[in-house]
Amino acid sequence: MSSSNQQQFRYTQTPSKVLHFRNLPWECTDDELIDICSPFGKVVNTKCNVGANRNQAFVEFADLNQAISMVSYYASSSEPAQVRGKTVYIQYSNRHEIVNNKGPGDIPGNVLLVTIEGVEAGDVSIDVIHLVFSAFGFVHKIATFEKTAGFQALIQFTDAETASSARNALDGRSIPRYLLPEHVGSCNLRISYSAHRDLNIKFQSNRSRDYTNPMLPVNQTAIDGALQPVIGPDGKKKEPESNVLLATIENMQYAVTVDVLHTVFSAFGTVQKIAIFEKNGQTQALVQYPDVTTGAAAREALEGHCIYDGGYCKLHLTYSRHTDLNVKAFSDKSRDYTVLDPSLHATQVSLWQNTQTTPMYPGLQGQMPSWDPNQQEFTQSCLSAPGTLPPGQAVPPFPGYLPPATGSPLTQSNHIDHNASSMGITQPGVPGALPHAHMPPGIQPYYG
DNA sequence: AGCACA
């Protein structure tokens with residue numbers, strides 16, 4: 001007569017119409033719970049993402065018998081209850097009703113209230129915030145402010161669905177170290193819903209942006225260091241900023257493909273389109289971002305830097321007069337990333353949701369934060385000294401994170417790999433996200 | 001993989 005501890009435990013539990021779920025996938029949704037519960041009865045209430053790991057939940061049935069039928073079904077089933085392929089463990093809760101303390105911040109809406117916790121978190125730029133949240137959809141407006149709670153941002157999406165996908169993926173996580181200034185400590189995100197529907201942004205400034213209204217007056221004095229001055233330090237006038245960059249590639253010893261450019265330029269936001277062409281015997285490329293801010297950030301960061309170590313494929317960037325490129329979606333010289341297969345989005349979302357809960361350094365559990373600490377050093381070592389890089393292995397200067405269209409720079413890899421040149425996230429079937437990881441360094445001289 | 005106020 002041997003019965004397992006589990007069985008003993010189960011038998012000692014008094015039935016309740018509230019069931020306790022554990023070992024759920026990270027950030028499991030109410031809908032997923034309802035999906036597996038509804039065959040057994042009417043679900044009247046749920047509470048998911050409970051516990052430190054957010055992997056527990058409660059479901060309340062209308063009737064006790066319904067809860068009993070679910071528990072007994074899975075007690076005798078050969079197939080365990082599963083959510084997203086993960087076995088979930090179901091028991092009677094020791095409470096008999098779900099008490100939902102829905103604060104105002106729990107009522108979904110299209111505007112998120114984000115608290116950025118961390119030392120000097122107020123110095124996180126609005127561009128970085130924009131970059132991080134753009135991974136989930138078009139960000140209409142951002143307003144930032146200091147409150148007693150800390151540095152906060154209101155982020156307006158098109159709809160509550162988009163906002164909630166961002167919240168689910170980012171709440172409790174940290175902004176990647178490499179997106180932060182040196183002196184800013186680890187920045188944790190706490191995200192709830194705002195009651196706002198439409199933010200009233202008066203100026204484009206270092207504290208607020210309206211990405212839907214490029215005509216909005218710019219409050220220059222408020223911009224401070226966040227945007228580049230229109231007049232360079234040497235007094236030279238710069239061309240008007242644009243969302244499309246014209247890249248001239250110097251000393252092109254190695255082939256620069258659409259994929260390579262995509263990897264490099266995706267570090268700053270969604271790359272929408274790329275076109276490579278020859279002009280006067282020089283290779284040039286047009287790279288299109290969704291907005292001017294991203295284009296400006298990319299230009300500023302990449303100007304004068306080399307794609308490969310050793311001074312090869314040096315980039316010179318100017319603003320193009322184009323605003324929307326008309327390119328073939330898939331050719332070896334051009335790509336339109338805005339016409340990708342929609343299945344991509346689902347793939348990427350599951351990448352987010354199936355990974356770990358620990359925001360930083362999960363250690364030896366076989367899970368890895370998206371932003372390997374090495375990334376920062378790696379990026380810096382390749383980019384800190386334009387044109388004067390030490391000779392060495394020719395490797396792409398950027399970790400191969402995907403563009404926000406298919407994932408944010410926080411996109412996660414499930415395996416530990418400290419070889420920076422192979423941090424590209426392989427996404428079967430995703431054009432533009434693959435080959436750089438295995439690019440043979442210095443092997444492909446360019447004979448164009 | 002183990003019960004929700006923070």
Distance in angstrom units between A:Asn100 CG and B:dA4 P, rounded
14 Å
Under a 4.0 Å threshold between the charged nitrogen and the carboxylate oxygen, would A:Asp30 count as salt-bridged to A:Lys47?
no
Between B:dA4, B:dA1, B:dC3, which nucleotide gets closest to the side-chain atoms of A:Gln13?
B:dC3
Classify the angle between the aromatic ring planes of A:Tyr73 and A:Phe40 as parallel (below 30°), tilted (30 to 60°) or perpendicular (above 60°).
tilted
Can you measure A:Gln56 atom CD to B:dC5 atom P for me and round it to whole angstrom units?
11 Å
Measure from CD1 on A:Ile90 to P on B:dA1 and round the result to the nearest Å.
15 Å
Whole-Å gap separating P (B:dC3) and NE2 (A:His96)
17 Å
Looking at the rings of A:Tyr211 and A:His130, which for Trp means the six-membered one, are their centres under 6.0 Å apart?
yes
A:Phe21 CZ - B:dA4 C1' separation (whole Å)
14 Å
Are any side-chain N or O atoms of A:Asp291 and backbone N or O atoms of A:Thr293, one a donor and one an acceptor, separated by less than 3.5 Å?
yes
Would you tell me if any nitrogen or oxygen in the side chain of A:Arg22 comes within less than 4.0 Å of OP1 or OP2 on B:dC3?
no
Rounded to the nearest angstrom, tell me the gap between atom CZ in A:Arg54 and atom C1' in B:dA6.
11 Å
Side-chain atoms of A:Asn101 come closest, of B:dA6, B:dC3, B:dA1, to B:dA6
Testing B:dC3, B:dA1, B:dA4 for proximity to the side chain of A:Asn94, the answer is B:dC3
What is the distance, rounded to the nearest whole Å, between atom NE2 of A:His20 and atom P of B:dA1?
13 Å
Which part of the nucleic acid, if any, lies within contact of A:Glu60, taking any heavy atom under 4.0 Å across all strands shown: a base, the sugar-phosphate backbone alone, or nothing?
nothing
Using 30° and 60° as the class boundaries, would you call the ring planes of A:Phe133 and A:Phe157 parallel, tilted or perpendicular?
tilted
State which of B:dC3, B:dA1, B:dA4 makes the closest approach to the side chain of A:Val99.
B:dA4
Measure the distance from CZ on A:Phe58 to P on B:dA1 and round it to the nearest whole Å.
17 Å
Minimum-distance nucleotide to A:Tyr89 side chain [options: B:dA1, B:dC3, B:dA4]:
B:dA1
